[in-house]
Enquirer: 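What follows is a structure written as structure tokens; I'll ask about it next.
These numbers were taken from a predicted model, which means no experiment stands behind them. Worth knowing before you read on, the calculation uses all heavy atoms, side chains too, and leaves out hydrogens, waters and symmetry mates. One is the number of the first residue; the rest follow in order along the sequence.
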Amino acid sequence: MTVPVFLHGALATHRRGRILQEALAATATSELPDGRAAVLAFADGFQGADDAEQARLVEWTRAPGHLLLLLPPFAVAPSERPVSWRAERMESSPRGGEGLATVLAPEVSYRLTGRLQAPAMPGATWSDLSVCVGAYRLHPAAGLFAVTCLPLWSLAVLDVPAELQSWLGNLVALTGEAQAAPTPATASLQPDHYGFLVFLLSRPFTDEEEVVAALRSSPVFRFSTEKARALLTELRKRGLVLGVTPTADAYDLVMQSPYAPYVSAIREGSSR
């Protein structure tokens with residue numbers, strides 16, 4: 001592996017974690033690393049965590065080079081972070097995998113459904129197109145939130161450590177490179193800029209038209225279509241928005257400003 005691998009949550013002290021420590025030279029951690037890294041955890045631990053902890057883990061994947069990978073077992077209930085997804089039982093073992101997926105197929109009993117996307121890597125889907133690996137990126141330059149049905153902690157991986165390392169390396173390669181970005185020009189940010197960033201941070205948007213439509217129906221924000229498009233263009237030029245998603249710099253600016261309480265309040269209101 002070209003990046004350090006960490007075991008987080010219950011996986012860090014579980015006997016299954018010792019297999020990953022041997023196969024991947026993984027180390028246990030109670031903190032999320034600052035640099036480029038892969039963090040592995042049990043999916044049911046993430047699913048059972050409170051909203052604040054889930055949000056903290058997902059937010060960590062905002063930075064390039066950060067991979068959060070959730071492993072079986074799963075909770076029965078569906079999850080809503082960072083998008084809607086769930087693991088469903090399969091009636092029989094899957095077929096048609098590649099690489100490590102072929103090795104672990106007899107131990108796989110779940111498939112993923114929902115809005116996670118299968119990444120472009122070997123073994124992400126089976127021959128019937130059921131999904132084995134699902135991923136989500138908070139913005140185009142972000143790291144990766146990923147879930148897999150493969151039991152990477154299986155004793156079988158000790159016989160094929162190179163396959164495991166290659167498989168994980170394929171996911172890590174999708175997280176992008178951390179790059180030094182120019183400091184955005186923030187001195188001249190106006191209240192409208194902050195207000196519009198708060199709106200963009202209130203929930204995920206897929207494109208500019210969805211943003212405009214949401215503003216039209218918003219009982220809180222009062223931006224005309226023309227003003228919204230102009231603000232979006234300005235914030236993109238400043239490097240504070242990629243597409244329609246605020247960057248990590250933008251998030252930090254808002255959360256260090258007097259507008260920070262509005263982000264939490266509006267997110268809480270939209271989730272009800």
Enquirer: Got L7 and T13 here, is their nearest side-chain heavy-atom distance under 4.5 Å?
Expert: no
Enquirer: Are L100 and L171 connected, step by step, through hydrophobic side chains (Ile, Leu, Val, Met, Phe, Trp, Tyr) whose heavy atoms are closer than 4.5 Å?
Expert: yes
Enquirer: Give a yes or no on whether the backbone of R111 and the side-chain of W126 come within a donor-acceptor separation of less than 3.5 Å.
Expert: no
Enquirer: Within a reach of under 6.0 Å around CZ of R236, are more than 12 heavy atoms found that belong to other residues, nucleotides or ligands?
Expert: yes
Enquirer: What I'd like to find out is whether the side chain of L150 reaches to under 4.5 Å of the side chain of C132, using heavy atoms alone.
Expert: yes
Enquirer: Is a side-chain donor-acceptor pair under 3.5 Å present for Y251 with R62?
Expert: no
Enquirer: Would you please say whether a donor-acceptor pair under 3.5 Å links the side chains of R89 and S109?
Expert: yes
Enquirer: Does the side chain of Y110 come within less than 4.5 Å of E88's, by heavy atoms?
Expert: no
Enquirer: Please work out which of the three classes, parallel, tilted or perpendicular, describes the rings of F221 and F223, given edges at 30° and 60°.
Expert: parallel
Enquirer: Are side-chain heavy atoms of V108 and P151 found at a separation under 4.5 Å?
Expert: yes
Enquirer: Taking R203 first and then E210, would you say they form a salt bridge - that is, a charged N and a carboxylate O separated by under 4.0 Å?
Expert: yes
Enquirer: Between D192 and K227 (salt bridge meaning N to carboxylate O under 4.0 Å), is one present in this structure?
Expert: yes
Enquirer: Check for me, please, whether L144 and Y136 land in the same ILVMFWY cluster - side-chain distances under 4.5 Å, paths through other members count.
Expert: no
Enquirer: Can you name the residues that form a salt bridge (Lys or Arg N to Asp or Glu O under 4.0 Å) with E91, not counting sequence neighbours?
Expert: none
Enquirer: Run L235 and F196 through side-chain contact (heavy atoms from CB on, under 4.5 Å) and show every step you take.
Expert: CA-CA 9 Å; L235 291 169; F196 194 68; 3.7 Å; yes
Enquirer: When you measure from the side chain of Q21 to the backbone of A26, do you find a donor-acceptor pair of N or O atoms at a distance under 3.5 Å?
Expert: no
Enquirer: Quick one: do L69 and T148 satisfy side-chain contact (heavy atoms from CB on, under 4.5 Å)? Show the steps, please.
Expert: CA-CA 7 Å; L69 176 61; T148 183; 3.9 Å; yes
Enquirer: Are V211 and L200 close enough that some pair of their side-chain heavy atoms sits under 4.5 Å apart?
Expert: yes
Enquirer: A cation-pi test, strictly: NZ or CZ of R137 under 6.0 Å from the centre of the six-membered ring of F145 and no more than 45 degrees from its axis. Yes or no?
Expert: no
Enquirer: Is it the case that more than 12 heavy atoms not belonging to E31 sit under 6.0 Å from its CD atom?
Expert: no
Enquirer: I'd like to know whether L164 forms a side-chain contact (heavy atoms from CB on, under 4.5 Å) with V103, so could you lay out the CA-CA distance, the side-chain angles of the two residues, the decisive distance to 0.1 Å, and finally the verdict.
Expert: CA-CA 10 Å; L164 174 60; V103 176; over 6 Å; no
Enquirer: Can you find a pair of side-chain heavy atoms, one from Y262 and one from S202, that are under 4.5 Å apart?
Expert: no
Enquirer: Do side-chain atoms of Q165 reach the backbone of A23 as a donor and acceptor pair under 3.5 angstrom?
Expert: yes
Enquirer: Can you check whether H8 and F42 have ring centres sitting under 6.0 Å from each other?
Expert: no
Enquirer: Say you draw a straight line from CG of L70 to SG of C149; how long is it, rounded to the nearest 0.5 Å?
Expert: 11.0 Å
Enquirer: Suppose clustering is done on Ile, Leu, Val, Met, Phe, Trp and Tyr with side-chain heavy atoms closer than 4.5 Å. Which residues sit in the same group as V76?
Expert: none
Enquirer: In this structure, are over 12 heavy atoms from other groups packed under 6.0 Å from E22 atom CD?
Expert: no
Enquirer: For the side chain to side chain contact (heavy atoms under 4.5 Å, CB included) test, which of L242, D252, L253, L138 pairs with T247?
Expert: L242
Enquirer: Any link between F6 and L152 through a network of hydrophobic side chains (Ile, Leu, Val, Met, Phe, Trp, Tyr) touching at under 4.5 Å?
Expert: no
Enquirer: So, the side chain of W60 versus the backbone of P33: is there a donor-acceptor pair under 3.5 Å, distance only?
Expert: yes
Enquirer: Can you hop from F74 to V39 via hydrophobic side chains spaced under 4.5 Å?
Expert: yes
Enquirer: Just by distance, do the side chain of S166 and the backbone of A162 share a donor-acceptor pair under 3.5 Å?
Expert: no
Enquirer: State whether the side chain of S79 and the backbone N or O of R81 hold a donor-acceptor pair below 3.5 Å, judged by distance alone.
Expert: no
Enquirer: Please find the pair of heavy atoms, one from S93 and one from P106, that lie closest to each other, and give the distance.
Expert: OG-O, 3.8 Å
Enquirer: Quick check: F205 with F199 (ring centres under 6.0 Å apart)?
Expert: yes
Enquirer: Take atom CG in D34; do more than 12 heavy atoms of anything else shown fall under 6.0 Å from it?
Expert: no
Enquirer: Would you check if V254 and L201 make a side-chain contact, meaning some heavy-atom pair closer than 4.5 Å?
Expert: yes
Enquirer: Does this structure show an ion pair linking R56 with E53, if we count only N-O contacts that are shorter than 4.0 Å?
Expert: yes
Enquirer: Would you say the side-chain atoms of Q54 pair up with the backbone N or O of F46, donor to acceptor, closer than 3.5 Å?
Expert: yes
Enquirer: Rounded to the nearest 0.5 Å, what's the gap from CD on E209 to OG1 on T225? Could you check?
Expert: 9.0 Å
Enquirer: Could you tell me the separation between the CD atom of E80 and the CG atom of D51, rounded to the nearest 0.5 Å?
Expert: 10.5 Å
Enquirer: In the single-linkage hydrophobic clustering (I, L, V, M, F, W, Y; side-chain heavy atoms under 4.5 Å), do W167 and L158 co-cluster?
Expert: yes
Enquirer: May I ask you to check whether D128 and S130 show a side-chain donor-acceptor distance below 3.5 Å?
Expert: yes
Enquirer: Would you compute the distance between atom OG1 of T61 and atom CG of L67 and round it to the nearest 0.5 angstrom?
Expert: 9.0 Å
Enquirer: Does the side chain of L68 come within less than 4.5 Å of V58's, by heavy atoms?
Expert: no
